[in-house]
Amino acid sequence: MFDPPAEVNARLDAALTEVRSNLGAEHAMLIGGHDARADGQFESRSPIDTDVVLGRFQDGTAEEVDRAVRAARAAWPAWSRTPWPRRVDILMRAAALLEASAFHLAAVAVLEVGKNRLEALSEVQATVDSIRWYCREMQDNHGFMRDLPKDALKGFVSRNRSLLKPYGVWAVIAPFNCPFSLAGGPAAAALLAGNCVVHKAAAATPWCGWLFAQCLREAGVPAGVFNYLTGNGMRVGDPLMRHPDIAGITFTGSHDVGMKILRAFAAHRYPRPCITEMGGKNVVIVSRSADLDRAALGIVRSAFGLQGQDCAACSRVLVERVITDQLVERMLAHVRDIKVGDPSQRAHRMGPVIGRAAYERFQRLSGELSAEGQVLCGGRVLNEGALVRGYFCAPTIAQLRPGHSLWREELFLPILLLTPVGSMEEAMEVANSADYALTAGFYGAKDEIDWFLENIEAGVTYCNRPQGGTTGAWPGYQPFGGWKASGATGKSAGSAYYLQQYMREQSQTIVD
């Protein structure tokens, strides 16, 4: 990702040219295997340049939600009885189609999300690898069917076995920042398990969601087994999560919405699985023994990748006081190298934030940081020349007292808070004081690592990692899931324990 071959950039350039030649089309939803249209439509505009209309999409309502859930419910009996090797074959074909279209899909993500070119391409490949990982998990566990010891019954043969079975109709609600991977991973897991899926994309990224739905349809996912909806959260997301025929849900997004879904699910007449990933306030601790060049590089990469709009983005840095100036100097040098602008251009590492609400919130918080802390760099929007038509913000680092509310609040913006501490023990206390506990990083001596890992409260940890202090988890390599307010299940995506959450166990005893 950080040093791509020339061929990668050439193929991205070609894909961007092709995608730009096909802007403005109307796209349907997918219900019961057919294109579906609502009474109203909405425009999706690029956050890079709001004069650019990417396409027109369906403004769904509770009526379309009900149609999609009923279609999934009707398709479920046949899909749940489809042999698991057949389901694996279909999903492996979907992964291959995604990979073959990776440059086209990445180009759309650049324009719709505002990701830089290599972030977009990396996300598509992560989606492919997630699907393949879950397929291998299903294969390696033989469909999650296990023979158990026979009962000792004189004159009879009593055979026992345990198997995992699907729940029914599964809802997948994905966020804007990773519209392929955070839809593709959960949807693939649900489908492999034998569930049918109703997927709602974020209102800001309907085109990415439509392209993912098209890949599944082309791969041979039967009609009704995967359904795709577009529209806003109140008109589509809320009716979907409250629908009585939804048997389980996977949600990635804010803590407030995640908790709302958990509470609504708890009010049902029986328990239903609810997998929620609800963000982070991710911390890096830097010891006086750290390699400061490596620490500065990893921190800046994690803080300002995807403009800080990553649930794993580095949001807090706690550094031993005696090395604060040296670390800050190195971090500022890296920030000065970041070029902000149209992310479809190779030179630009940072693109825009997703929309006007995020843009205006950045302005408000920058003013608050100037008034109550010390802004070390950034703290302003960028609106010169062509940037005036987009939502561009300068990468911002500020010193702020740890007791301030912004140390606890997920910002989801290119804002990094830093404070000196007197000791590693103080750093750990401040780090663990946040409600969120998704990812955390450490830079220090080898003999300090065990102490960090023993005491930090986070689901994903990195030590002395130059690629990113809190970001960069890859399916099968770094399982990704949070503790405390960051996640509901304690099981991580891309791990050996994730797929089983989409199934329930049945014990079978057969006496001959």
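Considering all non-hydrogen atoms of both residues, Ala38 and Gln41 come closest at O-NE2, 3.1 Å. Contact record, Val110 with Ile48: O-CD1, 3.4 Å, taken as the closest heavy-atom pair. Residue Ala458 comes nearest to Ala440 through the heavy atom pair CB-CB, 3.9 Å, listed as atom of the first residue, atom of the second, then distance. Residues Gly482 and Ser486 approach most closely at CA-CB, 3.9 Å, considering heavy atoms. Taking all atoms of both residues into account, the shortest heavy-atom contact from Ser302 to Thr471 is OG-OG1, 2.7 Å. Across every non-hydrogen atom of Val340 and Pro395, the tightest pair is CG2-CD, 3.8 Å.
In this structure, the side chains of Val108 and Trp210 stay at 4.5 Å or more apart for every pair of heavy atoms. Here the side chains of Arg132 and Glu99 are in contact, with some heavy-atom distance below 4.5 Å. Taking the side chain as every heavy atom from C-beta outward, Cys196 and Pro166 never approach each other to under 4.5 Å. Looking at Tyr228 and Leu216, their side chains never come closer than 4.5 Å, going by heavy atoms from C-beta outward. Lys484 is not listed as a side-chain neighbour of Tyr436, based on a closest heavy-atom distance of 4.5 Å or more. Within the 4.5 Å cutoff, the side chain of Pro414 has heavy atoms near those of the Phe362 side chain. No side-chain heavy atom of His27 sits under 4.5 Å from any side-chain heavy atom of Pro206. Put simply, the side chain of Leu192 reaches to within 4.5 Å of the side chain of Cys135, judged on heavy atoms.
A 6.0 Å sphere centred on CG of Asp39 holds no more than 12 heavy atoms belonging to other residues, nucleotides or ligands. Annotation for Glu218: atom CD does not count as buried by contact number, only 12 or fewer foreign heavy atoms lying within 6.0 Å.
Side-chain atoms of Trp133 come within 3.5 Å of backbone atoms of Ser495 as a donor-acceptor pair (strictly under, hydrogens ignored). Between the side chain of Arg87 and the backbone N or O of Thr82, at least one donor-acceptor pair lies under 3.5 Å. For the pair Glu123 (side chain) and Ser181 (backbone), a donor-acceptor distance under 3.5 Å is present. With Glu112 contributing its side chain and Leu54 its backbone, the two residues share no donor-acceptor pair below 3.5 Å. Between the side chain of Glu277 and the backbone N or O of Gly487 there is no donor-acceptor pair closer than 3.5 Å. Formation of a donor-acceptor pair under 3.5 Å by the Asn116 side chain with backbone atoms of Gly351 is not found in this model. For the pair Lys200 (side chain) and Val65 (backbone), a donor-acceptor distance under 3.5 Å is absent. Between the Thr396 side chain and the Ile415 main chain, no donor and acceptor come within less than 3.5 Å of each other. Of the possible donor and acceptor atoms, one in the side chain of Trp79 sits under 3.5 Å from a partner among the backbone N and O of Asn195. When atom types are taken as modelled, the side chain of Asn177 and the backbone of Gln309 share a donor-acceptor pair closer than 3.5 angstrom.
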**Message:** The test is side chain to side chain donor-acceptor pair (under 3.5 Å); show your working for Arg136 and Gln139 and say whether it passes.
**Reply:** CA-CA 5 Å; Arg136 285 194 296 270; Gln139 291 170 325; over 6 Å; no
**Item:** Check against side chain to side chain donor-acceptor pair (under 3.5 Å), His243 and Asp66
**Value:** CA-CA 8 Å; His243 198 288; Asp66 187 60; 2.8 Å; yes
**Request:** Evaluate side-chain contact (heavy atoms from CB on, under 4.5 Å) for Val460 paired with Ser492, printing each intermediate quantity in order.
**Result:** CA-CA 9 Å; Val460 188; Ser492 297; 5.6 Å; no
**Request:** Kindly indicate, with the supporting measurements, whether the criterion side-chain contact (heavy atoms from CB on, under 4.5 Å) is fulfilled by Thr250 and Tyr502.
**Result:** CA-CA 10 Å; Thr250 300; Tyr502 293 84; 2.8 Å; yes
**Message:** I'd like to know whether Met278 forms a side-chain contact (heavy atoms from CB on, under 4.5 Å) with Leu262, so could you lay out the CA-CA distance, the side-chain angles of the two residues, the decisive distance to 0.1 Å, and finally the verdict.
**Reply:** CA-CA 11 Å; Met278 298 178 287; Leu262 278 163; 4.3 Å; yes
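Here the CG-NE2 distance, from Asn227 to His34, works out to 10.5 Å after rounding to the nearest 0.5 Å. With rounding to the nearest 0.5 angstrom, the CG atom of Leu148 is 7.0 Å from the OG atom of Ser507. Here the CD-OH distance, from Gln478 to Tyr462, works out to 5.0 Å after rounding to the nearest 0.5 Å. The CD atom of Gln125 sits 10.0 Å away from the OG atom of Ser130 when rounded to the nearest 0.5 Å. Remark: Asp435 CG to Lys281 NZ distance equals 12.0 Å, nearest 0.5 Å. One distance of note links CZ of Phe480 with CH2 of Trp474; it measures 13.0 Å at 0.5 Å rounding.
Taking the six-membered ring where tryptophan is involved, the planes of Phe57 and Phe42 are tilted, since the angle between them lies from 30° to 60°. Ring pair Phe226/Phe212 is perpendicular by interplanar angle, where above 60° counts as perpendicular and below 30° as parallel. Ring pair Tyr498/Tyr134 is parallel by interplanar angle, where below 30° counts as parallel and above 60° as perpendicular.
Arg117 and Asp13 are joined by a salt bridge, as a carboxylate oxygen and a charged side-chain nitrogen come within less than 4.0 angstrom of each other. No salt bridge links Asp310 with Lys115; every basic N to acidic carboxylate O contact stays at or beyond 4.0 Å.
Checked by atom type, the side-chain pair Asn160/Thr509 shows a donor-acceptor distance below 3.5 Å. With no hydrogens or angles considered, a side-chain donor-acceptor pair links Glu64 and Thr61 at under 3.5 Å. Between the side chains of Gln501 and Lys491, no donor-acceptor pair is found at a separation under 3.5 Å.
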Taking distance alone, no hydrogens or angles, what donor-acceptor pairs closer than 3.5 Å link side-chain atoms of residues 251-261 to residues at least two apart or in another chain?
{"from": "Ser254", "atom 1": "OG", "to": "Val257", "atom 2": "N", "distance (Å)": "3.2"}
{"from": "Lys260", "atom 1": "NZ", "to": "Asp238", "atom 2": "OD1", "distance (Å)": "3.2"}

Donor-acceptor pairs are to be reported for all side-chain atoms of residues 229-237 against protein atoms at under 3.5 Å, with residues two or more places apart or in another chain.
{"from": "Thr230", "atom 1": "OG1", "to": "Gln58", "atom 2": "O", "distance (Å)": "2.6"}
{"from": "Asn232", "atom 1": "OD1", "to": "Met234", "atom 2": "N", "distance (Å)": "3.2"}
{"from": "Asn232", "atom 1": "OD1", "to": "Arg235", "atom 2": "N", "distance (Å)": "2.7"}

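Checked options Asn383, Thr50, Asp49; the residue passing with Arg389 is Asp49 (criterion: side chain to side chain donor-acceptor pair (under 3.5 Å)).
Not counting sequence neighbours, Arg73 has no partner by the salt bridge (charged side-chain N to carboxylate O under 4.0 Å, His left out) test.
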